[in-house]
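Following: one structure in structure tokens, then a few remarks.
In what follows, chains are A, B, ... by sequence order, proteins preceding strands, each numbered from 1.
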4 protein chains.
Amino acid sequence: MKVKKTRPLGRPRRSDRTQPTSELIIQAATRLFIEYGYQNVSVDDVAKQCDLTKATVYYHYDSKARLFTKTMVQMMVRIRERINTMLQESIPLKTRLFNITKAHLEATVNFDMDGFMKGVDNALTPEQLEEITNAETAMYQTIRHAFVYAMEQKEIRHINPTFATHAYLSLLKAGNYRNESDHPDTIDETAKQIIQLLWQGLQPEEEI
Amino acid sequence: MKVKKTRPLGRPRRSDRTQPTSELIIQAATRLFIEYGYQNVSVDDVAKQCDLTKATVYYHYDSKARLFTKTMVQMMVRIRERINTMLQESIPLKTRLFNITKAHLEATVNFDMDGFMKGVDNALTPEQLEEITNAETAMYQTIRHAFVYAMEQKEIRHINPTFATHAYLSLLKAGNYRNESDHPDTIDETAKQIIQLLWQGLQPEEEI
Amino acid sequence: MKVKKTRPLGRPRRSDRTQPTSELIIQAATRLFIEYGYQNVSVDDVAKQCDLTKATVYYHYDSKARLFTKTMVQMMVRIRERINTMLQESIPLKTRLFNITKAHLEATVNFDMDGFMKGVDNALTPEQLEEITNAETAMYQTIRHAFVYAMEQKEIRHINPTFATHAYLSLLKAGNYRNESDHPDTIDETAKQIIQLLWQGLQPEEEI
Amino acid sequence: MKVKKTRPLGRPRRSDRTQPTSELIIQAATRLFIEYGYQNVSVDDVAKQCDLTKATVYYHYDSKARLFTKTMVQMMVRIRERINTMLQESIPLKTRLFNITKAHLEATVNFDMDGFMKGVDNALTPEQLEEITNAETAMYQTIRHAFVYAMEQKEIRHINPTFATHAYLSLLKAGNYRNESDHPDTIDETAKQIIQLLWQGLQPEEEI
DNA sequence: CATGAATGAGGCTTCATTCAT
DNA sequence: CATGAATGAAGCCTCATTCAT
């Protein structure tokens, strides 16, 4: 049953990839930057991951800094979208946060922008730094907004919503340590622990 | 007619410094590594900070990796001691944690080992990595112990103490964002917010 | 007002060189390593000889050790080929050896692997060392084979052929000293002396 | 029978060494330089071998080059003396050479000055180089003299004595390869092979 | 005698970036 | 689009050497 596929003339699309090269690069870059950090990933590493050469990467992105910026922004936009979607559901905020928490723990991605950007700022132009910060902030705003609304609905107590946001995100990160524990918890259990702590902590203060 | 200036080699007259050079180096290194991260600090940077030459740094520490290790371990030992001292006081745990929180927010140090070690592990030998991890763990244990004890005293609800520890440390980090907020909180207020959230979250769960 | 001259980066117009750069490098490296030894030749030296930068050398060969390995192997392969060719001729072995000797004395190359590799082994990986040793051995085998055959043909007396090989090569080296002598011999005379001594020494032992 | 040895007052001689430090250094240096070569041995290596510090080595010898020179010269003087002694015996030259050969093969020392000095000359002052060359030449002269005498006695054929000397020394070096052979020869056998080849090669030429 | 501390020079290697093809 | 070749800058580390003690 060997059917000779009629091959399109001209330069064949690189392998069977449907993705444009620039996207391919971003993807590899995302993975690498997230895993190893800006300084520990060379442009060559990214190129090799894509089975391309350094020069090709430079053809698509004029500098490592810009590639990084694009990468980070795109990633945060995606995360923001995902979070946003999950926050739209018509279920109690506590449940929505629980779902987000679980989703986050399932993903390996650990978007700890804080430690992540350590020292990187020197390598970026102010504009690039701002781009990233903006994307980061937008991501935060989504969550912050949910807290503000919940506050208005008296679902949670009065609290600085920015703090609440960062508190939540911090706790997410704490979830990564579940494995070291003596009896490693499942993702589900960990998510429960996080939400339990957070939610209880956000309730109206009593006599405490 | 190039006259080679006789350069001053050898050991220079000891300046009026009281600190031994090795300590001086560690101090500068601590500051730099903490602020910029391992990869973004060159041995030359450290040397310059001390007004020494690279070679001198290498005289005292055989490699950048070892310098880093020494630096991190020493730092964590100090933090652990400080925390330990504050945990010994005979006042309610909530108050002790509040004090620690305030002290942490006052210090610029941001011991977020997680993001901090990103990619660094490749640069360290397994032994060095272990040294650091051990110091880190010891630091955590101190806090964990306090939680275990509080649990026994029914001061807080039953909870995985390791998780409680990481949750607390995570929240500490969330405190760093206070400045971005629209109306920047004082350290005192931030500490209160953190402890309020944490402590409430650690209380016996009710009907929530 | 420091004006940073725009420096010419990137690939320069290919000069009128016909040789590929990688060959050019090997050639310069061969000359330098042979003349000064591994430790006394820096990668920069090689680069300068080629009118290239160090980085370019590293573009073609990942490390000094590998460059050295390639260099040595290639050299020994060439020598082996040359020797092999001269050994194929249908003339008495004594004459063939005489020709080889003359050719060797004419070349400046002094393939004394023994002293040459002193201390170098620490700088090479076991694989690299093996590569070199293999090339060396192959070179020796060629000569050894000729002696084995000559022995079978009773052209020379029974003798350990490996020893005969090394003895011959050693004597070649002795030829380098001809210049110090009071009345420096010509290459031709020196070759004659060497072959005379060797050949006579390889004849059937009599009453001696 | 514990007798408390009356310990001499004052600074005790460093351990039980009788040797002056300067000799100790030379000894270690000899071993190291011979084994690894000039460039591969650092002053620190020498110091550590002696359980001293670099500074102490510099106290005794003002530079690495001078230390090397002293080391080499002393070594060659010793070798020359040893050879000289063995050449004085009242037995046939062939036997004396056989004895020397055996002695050389027994010692690990491989005084192949040729490959040994490769590239080192750049590190030495002309005077130092000359010192070494002189010692080397003196060593050669001793052997050369024996050949000259043997020639006069018609014990060997007429031949350039300098060549004969270098030929002999070269063959000595060939002896180091005995181990690689398929059936490794003993030192005695190897010495016999060498002398057999050499001696036969030095006999009056016949019709060959 | 001996040494601890310091240093300039230089060597190996990586990397972001550029340019001609 | 893609790439091979090249480069300056910078980073890690070693080492011969010096000097105050």
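- For S42(D), whose side chain is taken as the heavy atoms from C-beta onward, the closest listed nucleotide among dC15(F), dC12(E), dT7(F) is dC15(F).
- In the region residues 62-71 of chain A, proximity to DNA chain E at under 4.0 angstrom, judged on heavy atoms, holds for S63(A), K64(A).
- The side chain of H60(C) contributes an N or O atom lying less than 4.0 Å from OP1 or OP2 of dA6(F).
- Distance CG (N40(C)) to P (dC15(F)): 14 Å, rounded to an integer number of Å.
- Distances were taken from every side-chain heavy atom of L52(D) (C-beta onward) to each of dT14(E), dA5(E), dT3(E); the shortest belongs to dT3(E).
- Between the P atom of dT18(F) and the OH atom of Y61(D) lies a distance of 17 Å, rounded to the nearest Å.
- The side chain of T56(B) places no N or O atom within less than 4.0 Å of a non-bridging phosphate oxygen (OP1 or OP2) of dA5(E).
- What separates OH of Y58(D) from P of dA5(E) is a distance of 19 Å, to the nearest Å.
- Here A65(C) pairs with Y38(C), S63(C), L124(C), Q128(C) under the side-chain contact (heavy atoms from CB on, under 4.5 Å) rule; sequence neighbours left out.
- Atom-to-atom, CD1 of I25(B) to C1' of dG4(E) comes out at 14 Å; the value is rounded to the nearest Å.
- Counting heavy atoms from C-beta outward, N122(A) and N40(B) have side chains that stay 4.5 Å or more apart.
- Other residues, nucleotides and ligands contribute at most 12 non-hydrogen atoms within 6.0 Å of the NZ atom of K70(A).
- For Y36(A), the OH atom is loosely surrounded, since the number of other residues' heavy atoms within 6.0 Å does not exceed 12.
- Between Y59(B) and dA6(E) there is no side-chain polar atom (N or O) within less than 4.0 angstrom of OP1 or OP2.
- At whole-Å resolution of the value, CG in D51(C) and P in dA6(F) are 12 Å apart.
- Contacts of T30(C) classified as side-chain contact (heavy atoms from CB on, under 4.5 Å), with partners at least two apart in sequence or in another chain: I26(C), I34(C), T71(C), M75(C).
- A heavy-atom distance below 4.5 Å is not found between the side chains of L67(B) and V43(B).
- As rounded to whole Å, 13 Å separates atom P of dT7(E) from atom NZ of K48(B).
- Listed by chain and residue number, nothing satisfies the salt bridge (Lys or Arg N to Asp or Glu O under 4.0 Å) test with R31(A) (two or more places apart in sequence, or in another chain).
- Between the side chain of K54(D) and the base of dT3(E), no donor-acceptor pair under 3.5 Å is found.
- Side-chain proximity of A55(A) to the nucleotides dA16(F), dA16(E), dT3(F) is greatest for dT3(F).
- As judged by a 4.0 angstrom heavy-atom cut-off over every strand, V41(D) is placed among residues touching the sugar-phosphate backbone only.
- Although no hydrogens or angles enter the test, the distance criterion places no donor-acceptor pair under 3.5 Å between the side chain of K64(B) and the main chain of A123(B).
- In this structure, of dA16(E), dC12(E), dT3(E), it is dA16(E) that holds the atom nearest to the side chain of V43(A).
- Scanning for side-chain contact (heavy atoms from CB on, under 4.5 Å) contacts around E130(A) gives N134(A), with sequence neighbours left out.
- When the C1' atom of dA16(F) is taken as reference, atom CG of L124(D) falls 14 Å away, rounded to whole Å.
- Base-pairing analysis of DNA chain F finds the following stems of at least three consecutive Watson-Crick or G-U pairs, with both pairing distances under 3.5 Å: E:2-21 with F:2-21.
- Residues V41(D) and F68(D) fail the side-chain proximity criterion, which asks for heavy atoms closer than 4.5 Å.
- Between the C1' atom of dC12(F) and the CD atom of Q39(A) lies a distance of 15 Å, rounded to the nearest Å.
- When the side-chain nitrogen and oxygen atoms of T21(D) are compared with OP1 and OP2 of dC1(E), none of them lie within a distance under 4.0 Å.
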